[in-house]
Participant: 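This is the structure, below, for whatever I ask next.
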Protein chains: 2
Amino acid sequence: MTETPAPAPRSRQAQKQASRRALLDAALALLERQNLSGLGVREVTRAAGLSPAGFYRHFADLAELGVVLVQESLANLHEMVRAVFAGSGDPEQLIDRSVEVIDAHVAEHAAYIRFLARERHGGVKPVRDAVGAELRHFAEELAELLALRPELAGWSAGDRRMLAELYVDRMVTTALALVEADPAERAAIADTVRTQLRLINLGSRHWKAS
Amino acid sequence: MTETPAPAPRSRQAQKQASRRALLDAALALLERQNLSGLGVREVTRAAGLSPAGFYRHFADLAELGVVLVQESLANLHEMVRAVFAGSGDPEQLIDRSVEVIDAHVAEHAAYIRFLARERHGGVKPVRDAVGAELRHFAEELAELLALRPELAGWSAGDRRMLAELYVDRMVTTALALVEADPAERAAIADTVRTQLRLINLGSRHWKAS
DNA sequence: GCGTTCAGTAAACAACTGTTTGCCGAAAAT
DNA sequence: ATTTTCGGCAAACAGTTGTTTACTGAACGC
């Protein structure tokens, strides 16, 4: 008498996107314990509940799928950095907020972060290049935000870029360290990076002032 | 008439070590374009000129071979850092010498560096752990050397360790960037890292003095 | 209602994989 | 001189792999 739960009369594109998501999710899960260059098409389709041939309706390659995962991994980056810079301008608080955001993000999207760590220097060139391009882009964005800060007035674009790269790199390395550490170590890691960022900030305040 | 070049009446252990080296070298070469988790035993033995079964006379696993490669990759680290610290104590020159040494080392042992970059966060746990342990050890060594420097007198062990990690990390990241960059970019990368190290040094000079 | 589109399938392809087995032959040990 | 050791090999094992093929059937555009 109840309405049949229905075999879900999903529209075609909805169903297609569902399959695509299943492939991406299955791959991401498998990549927690494996490298992309060691992953197999059949392995992914098996985990996603598709037939092997079905894979090719969505991607030409596993590399292509990998590039999509890279974009998804870094999709929220812009919002995150802007949210950090939105609040109070005090460098101390800015540092604290940055580390908080990273810590939360790593906790919530561990699989994506691990994937990035694995493939940043991994064996699949298109994926490696995609990660590099996104991180370079991120450094640019940070450099622009740094240009707006009063305490860095008078810095050359090159020096701002240099500082931005230093910060980005510290953040990335920290995220990778956090994702591989067991929970007990995480607080100590966050503490260390806070101190390091403060030291860098201190250095930048005396830069060119010497 | 001439003495036959001889089928090389090598002693047994000499021959065994030659095969072992062939396996390691073949694997290292293959890993320039591939990840360890995507490498195959047969692939390695084929490139090394052995039969597949021959592999197991030397290693139980590809992971085992990987760990040996990690150790070889970082074997010269101690000599390198001590050589850098041996000369003049001026921080500026120390930075310049460090970057020079890294640059030369990367140029000469590109394959090993690439391997480390790939497997530092790669999918094979024993190898990943071996890299992590060696780098932690390296940070410890640097922290000890920093303790001897007059300008850091009065620093706590924790702070010295924090600074050492910051330096090590910057070095490692630079090495990985250099090995993937094309030759035209390398000078710019070296320049940037020199500036960043100077900024860190500046920060450490004002640390606790504020 | 009716032909078209197209995501998903099963089956087949040849080629590849890690690992074990028993054996060989030469170096080493006695 | 004879026995033992052992690095290397060929062969076989039971899988696995990526990719293409022709097909099905339901959602689509009209």
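Chain letters run A, B, ... following the sequence lines, proteins first, then strands; residues in each count from 1.
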Participant: Can you tell me how far C1' of C:dA7 sits from CD of A:Gln17, to the nearest Å?
Facilitator: 13 Å
Participant: Of the listed nucleotides (C:dT21, D:dG8, C:dA10), which one gets closest to any side-chain atom of B:Ser19?
Facilitator: D:dG8
Participant: Return no unless some side-chain N or O of A:Arg46 is found under 4.0 Å from OP1 or OP2 of D:dT17.
Facilitator: yes
Participant: State, yes or no, whether a side-chain contact exists between B:Thr195 and B:Leu199 at a heavy-atom distance under 4.5 Å.
Facilitator: no
Participant: Please confirm whether the shortest side-chain N or O distance from A:Tyr56 to OP1 or OP2 of D:dT19 is below 4.0 Å.
Facilitator: yes
Participant: Output the rounded distance in Å from CG (B:Leu50) to P (D:dA10).
Facilitator: 11 Å
Participant: Could you tell me how far apart B:His58 (NE2) and C:dT19 (C1') are, to the nearest whole angstrom?
Facilitator: 16 Å
Participant: Could you state the atom-to-atom distance from CD of A:Glu43 to P of D:dT17 in whole Å?
Facilitator: 7 Å
Participant: Measuring from the side chain of A:Arg57 (C-beta onward, heavy atoms only), which nucleotide among D:dT19, C:dG18, C:dA7 has the closest atom?
Facilitator: C:dA7
Participant: Taking for each residue the nucleotide of DNA chain C with the nearest heavy atom, is it B:Ala60 or A:Ser51 whose nucleotide lies nearer the 5' end?
Facilitator: A:Ser51
Participant: Do A:Arg57 and A:Arg20 come close enough that some side-chain heavy atom pair is under 4.5 Å?
Facilitator: no
Participant: Closer to the 5' end of DNA chain C via nearest nucleotide, is it B:Gln13 or B:Arg42?
Facilitator: B:Arg42
Participant: Rounded to whole angstroms, how far apart are CD on B:Gln34 and P on C:dC16?
Facilitator: 14 Å
Participant: How about A:Arg160 and A:Leu163: do any of their side-chain heavy atoms sit closer than 4.5 Å?
Facilitator: no
Participant: A:Ala53 has a side chain; which of D:dT20, D:dA10, D:dT19 sits nearest to it?
Facilitator: D:dT20
Participant: Whole-Å distance between C:dT19 P and B:Leu62 CG?
Facilitator: 8 Å
Participant: Would you indicate whether the side-chain heavy atoms of A:Tyr112 and A:Leu74 approach each other to under 4.5 Å?
Facilitator: no
Participant: Is any side-chain heavy atom of B:Val41 closer than 4.5 Å to one of B:Phe59?
Facilitator: no
Participant: Would one find a side-chain N or O of B:Gln15 under 4.0 angstrom from OP1 or OP2 of D:dG8?
Facilitator: yes
Participant: Pick base, sugar-phosphate or nothing for A:Gly54, based on heavy-atom distances below 4.0 Å to the nucleic acid.
Facilitator: base
Participant: Tell me: CD of B:Glu64 to P of C:dT19, nearest whole Å?
Facilitator: 12 Å
Participant: Indicate, with a heavy-atom threshold strictly under 4.0 Å, whether B:Arg20 touches base, sugar-phosphate, or nothing.
Facilitator: nothing
Participant: For the base of D:dG7, is there a side-chain donor-acceptor partner from B:Arg12 under 3.5 Å away?
Facilitator: no
Participant: Could you give the CG-to-P distance, from B:Leu30 to C:dT17, as a whole number of Å?
Facilitator: 11 Å
